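Reading through the structure tokens given below for one structure.
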Amino acid sequence: MTSAADDLSREPTPDPAEDNAYFPSPYSLSQYTAPKTNFDGVKHKSTYKGKLKVLMIAAAERYVLLENGKMFSTGNHPVEMLLPAHHLMEAGFDIDVATVGGYPAKLELWAMPNEDEAVKATYKALKPKLKAPKNLADVVDNDLGEDSHYIAVFIPGGHGAVVGLPTSEAVTETLDWALSNDKFVITLCHGPAALLAASLGKKESPFKGYSVCVFPDSLDEGPNLDIGYLPGRLQWLVAGLLREQGLIVINDDMTGKTHRDRKLLTGDSPLASNSLGLLAADALVQEVHSKG
């Protein structure tokens with residue numbers, strides 16, 4: 001007996017806005033998306049009353065060029081962006097959004113859980129900032145220092161994170177600032193691709209020896225191709241390059257795993273979004289309470 005999903009096409013869907021570009025196939029979306037997340041409430045409701053904020057570095061790129069010349073129509077995954085953000089905002093931490101170049105953030109709206117009130121409410125609250133974000137280079141010049149009002153840097157996932165962020169000098173400077181000033185870095189799924197920027201201009205990555213969760217390369221090399229989520233092979237794989245830089249990838253599958261190593265908080269996939277939000281809100285609340 002077959003399910004209705006089995007009858008769906010596994011061919012990636014053409015994106016009419018760009019030549020040779022594709023959205024995920026209908027079948028892959030039936031496997032990877034849902035109308036609701038596993039969100040079941042926040043732990044910290046308006047716990048923090050101060051002025052510290054979280055700096056979100058969002059992807060401003062829509063398309064990932066693949067080995068076969070096709071392009072994947074992507075951006076930031078909405079659950080990976082908005083569910084962790086929901087926990088942080090509900091705890092009392094405002095979020096500023098920045099992109100490389102100050103261009104509007106891009107989202108994979110085909111993955112939006114349209115029946116999830118927490119995600120929808122957070123999208124509504126952040127939409128003006130996503131449409132008109134800060135230029136990350138300006139944030140580096142004007143807002144990062146020992147007395148910065150940012151307590152953490154949050155880099156959501158989605159394949160859009162592999163374009164631009166790993167080679168951005170502004171991302172490098174932001175991560176340098178976070179490490180030098182004992183700030184949190186929060187990221188998940190393909191978002192850890194941005195950590196590659198930390199090695200630019202250095203002999204080795206300052207994240208060498210850190211343990212992380214990240215989206216498994218095996219899925220981007222296998223099932224994501226087989227079910228038509230991707231229209232071709234990626235030109236490089238996130239976990240593999242992180243390992244080459246000396247980071248320790250602790251997962252090889254997608255289970256919703258999260259992990260904390262010092263002040264680096266990571267999750268493996270969209271399935272980790274809620275847990276990472278809880279972990280991050282806990283960590284930030286404990287940090288401000290410990291410092292009085």
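Numbering of residues begins at 1 and proceeds along the displayed sequence. The structure displayed is predicted, hence computed values, not measured ones.
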Under a 4.5 Å cut-off applied to non-hydrogen side-chain atoms, are Leu195 and Leu247 in contact?
yes
Kindly give the heavy-atom pair with the smallest separation between Thr74 and Gly160, and that separation in Å.
OG1-N, 3.3 Å
Is it true that, when you exclude Glu18 itself, more than 12 heavy atoms of the residues, nucleotides or ligands shown sit nearer than 6.0 Å to its CD?
yes
Answer yes or no: is there a side-chain heavy-atom contact under 4.5 Å between Thr99 and Asn135?
no
Between the side chains of Lys257 and Asp268, is the shortest nitrogen-to-carboxylate-oxygen separation below 4.0 Å, so that they form an ion pair?
no
Is a salt bridge present between Lys70 and Asp15, judged by a nitrogen-to-oxygen distance below 4.0 Å?
no
For the OG1 atom of Thr172 and the CG atom of Leu196, what is their distance to the nearest 0.5 Å?
10.0 Å
Kindly indicate whether a cation-pi arrangement holds for Lys183 with Tyr150, taking the cut-offs as under 6.0 Å to the six-membered ring centre and within 45° of the axis.
no
With hydrophobic residues grouped by side-chain heavy-atom distances under 4.5 Å, do Leu279 and Val214 end up in a single group?
no
Okay, side chain of Arg62, backbone of Leu107: is any donor-acceptor separation there less than 3.5 Å?
yes
So Asp141 and Glu173, side-chain contact (heavy atoms from CB on, under 4.5 Å) or not? Walk me through it.
CA-CA 10 Å; Asp141 289 341; Glu173 292 176 283; 5.6 Å; no
Output yes when a side-chain donor or acceptor of Ser28 lies under 3.5 Å from a complementary backbone atom of Ser25, and no otherwise.
yes
Give, for atom OG1 of Thr37 and atom CG of Asp116, the distance between the pair rounded to the nearest 0.5 Å.
3.5 Å
Roughly how far, to the nearest 0.5 Å, is the CD atom of Glu244 from the CH2 atom of Trp236?
11.0 Å
Just by distance, do the side chain of Arg243 and the backbone of Gln245 share a donor-acceptor pair under 3.5 Å?
no
Quick one: NZ on Lys45 to NE2 on His87, what's the gap to the nearest 0.5 Å?
11.5 Å
Hey, is CD on Glu221 packed in by over 12 heavy atoms from elsewhere, all under 6.0 Å?
yes
Tightest non-hydrogen contact, residues Ala197 and Val171, listed as CB-CG1, 3.7 Å
Heavy atoms, side chains only, cut-off 4.5 Å: are Val119 and Lys36 in contact?
no
Are any non-hydrogen side-chain atoms of Leu144 and Thr174 less than 4.5 angstrom apart?
yes
Within the side chain of Thr187, is there an N or O that forms a donor-acceptor pair under 3.5 Å with the backbone of Ile155?
yes
Expected output: side-chain Glu108 to main-chain Gly158 donor-acceptor under 3.5 Å
no
Could you tell me whether the side chain of Leu175 reaches within less than 4.5 Å of the side chain of Val185, counting heavy atoms only?
yes
Keeping Ser30 on the side-chain end and Tyr27 on the backbone end, is there a donor-acceptor pair under 3.5 Å?
yes
Are Trp177 and Ile57 connected into the same hydrophobic cluster when the rule is that any two of I, L, V, M, F, W, Y join if their side-chain heavy atoms are below 4.5 Å apart?
yes
Checking Ser199 side chain against Ser205 main chain: does a donor-acceptor pair fall under 3.5 Å?
no
Side-chain contact, heavy-atom cut-off 4.5 Å: Lys53 with Ile95?
no
Decide if atom NZ of Lys202 counts as having more than 12 heavy atoms of other residues, nucleotides or ligands within a radius under 6.0 Å.
yes
Taking the side chain from Asp217 and the backbone from Ala239, do they hold a donor-acceptor pair closer than 3.5 Å?
yes
Check the pair Phe207, Val212 against side-chain contact (heavy atoms from CB on, under 4.5 Å), reporting the backbone distance first and the verdict last.
CA-CA 10 Å; Phe207 288 107; Val212 296; over 6 Å; no
Exercise: identify the closest heavy-atom pair between Asp252 and Pro216:
O-CB, 3.9 Å
side-chain contact (heavy atoms from CB on, under 4.5 Å) assessment of Asp94 paired with Val54:
CA-CA 6 Å; Asp94 193 13; Val54 173; over 6 Å; no
Looking at Lys263 and Glu287, is there a salt bridge between them, counting it only when a charged N and a carboxylate O are closer than 4.0 Å?
yes
Looking only at heavy atoms, what is the nearest atom pair of Gly157 and Glu80, with distance?
CA-OE1, 2.8 Å
Is Met112 linked to Leu29 within one hydrophobic cluster, defined over Ile, Leu, Val, Met, Phe, Trp and Tyr using a side-chain heavy-atom separation of less than 4.5 Å?
no
Check: Leu130 and Tyr123 side chains under 4.5 Å, non-hydrogen atoms:
yes
Geometric class of the Trp110/His77 ring pair [parallel <30°, tilted 30-60°, perpendicular >60°]
perpendicular
Can you tell me how far CG of Leu278 sits from CG of Leu276, rounded to the nearest 0.5 angstrom?
9.0 Å
Using the side chain to side chain donor-acceptor pair (under 3.5 Å) rule, take Asp220 and Asn224 through it: C-alpha gap first, then chi angles, then the decisive distance, then the call.
CA-CA 5 Å; Asp220 274 337; Asn224 278 359; 2.8 Å; yes
Do the ring planes of His159 and His190 sit parallel (below 30°), tilted (30 to 60°) or perpendicular (above 60°)?
tilted
Would you give the length of the straight line joining atom CD of Glu61 to atom CG of Asn76, rounded to the nearest 0.5 angstrom?
11.0 Å
Mind checking whether Leu8 and Ile227 sit in one hydrophobic cluster, side chains of I, L, V, M, F, W, Y counted as touching below 4.5 Å?
yes
Show your reasoning for whether side-chain contact (heavy atoms from CB on, under 4.5 Å) applies to Met89 and Leu126.
CA-CA 10 Å; Met89 292 165 66; Leu126 287 178; 4.1 Å; yes
Please lay out, stage by stage, how Asp143 and Ser148 fare under the test side chain to side chain donor-acceptor pair (under 3.5 Å).
CA-CA 6 Å; Asp143 300 317; Ser148 174; over 6 Å; no
Tell me if the centroids of the rings in Tyr229 and Tyr32 come within less than 6.0 Å of each other.
yes
Answer yes if Tyr103 and Leu55 sit in the same cluster of Ile, Leu, Val, Met, Phe, Trp and Tyr residues linked by side chain heavy atoms under 4.5 Å apart, and no otherwise.
no
Between Asn274 and His86, does any side-chain donor sit less than 3.5 Å from a side-chain acceptor?
no
Please find out if less than 6.0 Å separates the ring center of His289 from that of Tyr48.
no
Exceeds 12 heavy-atom contacts within 6.0 angstrom, atom CD of Glu146:
no
Taking the side chain from Ser180 and the backbone from Asp176, do they hold a donor-acceptor pair closer than 3.5 Å?
yes
Beyond-backbone contact of Leu265 with His259, side-chain heavy atoms, under 4.5 angstrom:
no
For Ser211 and Ile250, work out which heavy atoms get closest and say how close.
CB-CG2, 3.8 Å
Could you tell me which non-hydrogen atom of Ala272 sits nearest to which non-hydrogen atom of Leu188, and how far apart they are?
C-CD1, 4.4 Å
